[in-house]
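All figures in this text were calculated on a predicted structure; none of them were measured in a lab. Start at 1 with the first residue, then count along the sequence.
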Amino acid sequence: MSTFNGRFLQIAIAVGVGLIVWLVATFLIRQVVRRILRGTGLAENRIFKWAAPALRALDSERRAQRARTIGSLLNSVVAVVITTLVGLYVLKALGVDLAPILTSVGILGVAIGFGAQQLIRDFLAGIFITLEDQYGIGDFIETGAGEVSGIVESVGLRTTRVRAEDGTIWYLRNGEILRVGNRSQGTYVPAASPAEGGPAEGAPEDNGAGSTAQDSNGGQHSRE
């Protein structure tokens, strides 16, 4: 009975500590997201000086979208990490040998990592696109050598949705976007149209050597 009570106490402590850590972490994430949404000078705070470049990038008209995305990502990461640690402590308290489990999880993680390389690549690229504010909803972007160009309709951690000028909806995987131009952020100037008053298409060019014209009597005379 005493052994059961001791194990139950260990499980209760592990779950309680995990719950407290999760509540504190989510509270801090929520406060940071709220301050970013208000547009305060969080980057100037000495506590967050290490994250100043990323936080300055968030200080723009699209900071709400990026703040919610990053907040959701951080909440998910915190929940997974805390749940995993608490689960391991509970199993240990129940007397389960963790060595085979950790070995199996490691092998499974390696297999999943190899199989989901592209998915992980897309997520990492989406995180950096969001942090660096490469583009956002409403921007006109062009990928590669004009392969896809249009207005961004949504930016996710895995894909970006773009509406082209002809109405086509393009779904771009973030990990496949190697080069992107943002016409909305820079000082984009449309390509110059052909100069007015030039020779019409198909018209003969005057190269200075003169030309011939036919008169009303059917003869020809030279025209300089």
Looking at [X] and [Y], what are the two nearest heavy atoms and their distance?
| X | Y | answer |
| --- | --- | --- |
| Phe140 | Ser149 | CE2-CB, 4.2 Å |
| Val78 | Ala25 | CG1-CB, 3.7 Å |
| Ile129 | Tyr135 | CD1-OH, 3.4 Å |
| Ala93 | Ile11 | CB-CG1, 3.8 Å |
| Ser184 | Gly138 | OG-O, 4.2 Å |
| Gln134 | Phe128 | NE2-O, 4.1 Å |

### Task
Determine whether more than 12 heavy atoms belonging to other residues, nucleotides or ligands lie under 6.0 Å from atom CD of Glu147.
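Result for CD/Glu147: open.
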### Task
Please name all residues satisfying side chain to side chain donor-acceptor pair (under 3.5 Å) with Arg173, sequence neighbours left out, ordered by chain then number.
Asp122
With the 4.5 Å side-chain cut-off for hydrophobic clustering, are [X] and [Y] part of the same group?
| X | Y | result |
| --- | --- | --- |
| Val17 | Leu88 | yes |
| Val152 | Trp170 | yes |
| Val155 | Ile151 | no |
| Leu124 | Leu178 | no |
| Leu9 | Tyr89 | no |

### Task
For the pair Thr84 (side chain) and Val80 (backbone), establish whether a donor and an acceptor sit closer than 3.5 Å, ignoring hydrogens and angles.
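Here the side-chain-to-backbone pair exists.
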At what distance, to the nearest 0.5 angstrom, does [atom1] of [X] lie from [atom2] of [Y]?
| X | Y | atom1 | atom2 | value |
| --- | --- | --- | --- | --- |
| Asp139 | Asn182 | CG | CG | 4.0 Å |
| Leu85 | Trp22 | CG | CH2 | 15.5 Å |
| Glu153 | Arg163 | CD | CZ | 4.0 Å |

Side chain proximity check, [X] to [Y], heavy atoms < 4.5 angstrom:
| X | Y | result |
| --- | --- | --- |
| Leu172 | Thr143 | yes |
| Glu176 | Gln118 | yes |
| Leu119 | Arg158 | yes |

### Message
For Asn174 and Thr160: C-alpha separation, side-chain torsions, deciding distance, then whether side chain to side chain donor-acceptor pair (under 3.5 Å) applies.
### Response
CA-CA 7 Å; Asn174 293 331; Thr160 296; 2.8 Å; yes
### Task
Please determine which of Leu74, Val21, Asn75 meets the side-chain contact (heavy atoms from CB on, under 4.5 Å) test together with Thr26.
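When Leu74, Val21, Asn75 are each tested with Thr26, the side-chain contact (heavy atoms from CB on, under 4.5 Å) holds only for Asn75.
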#### Entry: Leu28: hydrophobic cluster co-members (side-chain, 4.5 Å)
Ile20, Val24, Phe27
### Task
Check which hydrophobic residues are tied to Tyr171 through side-chain heavy-atom contacts below 4.5 Å, counting indirect links as well, and list them.
Ile169
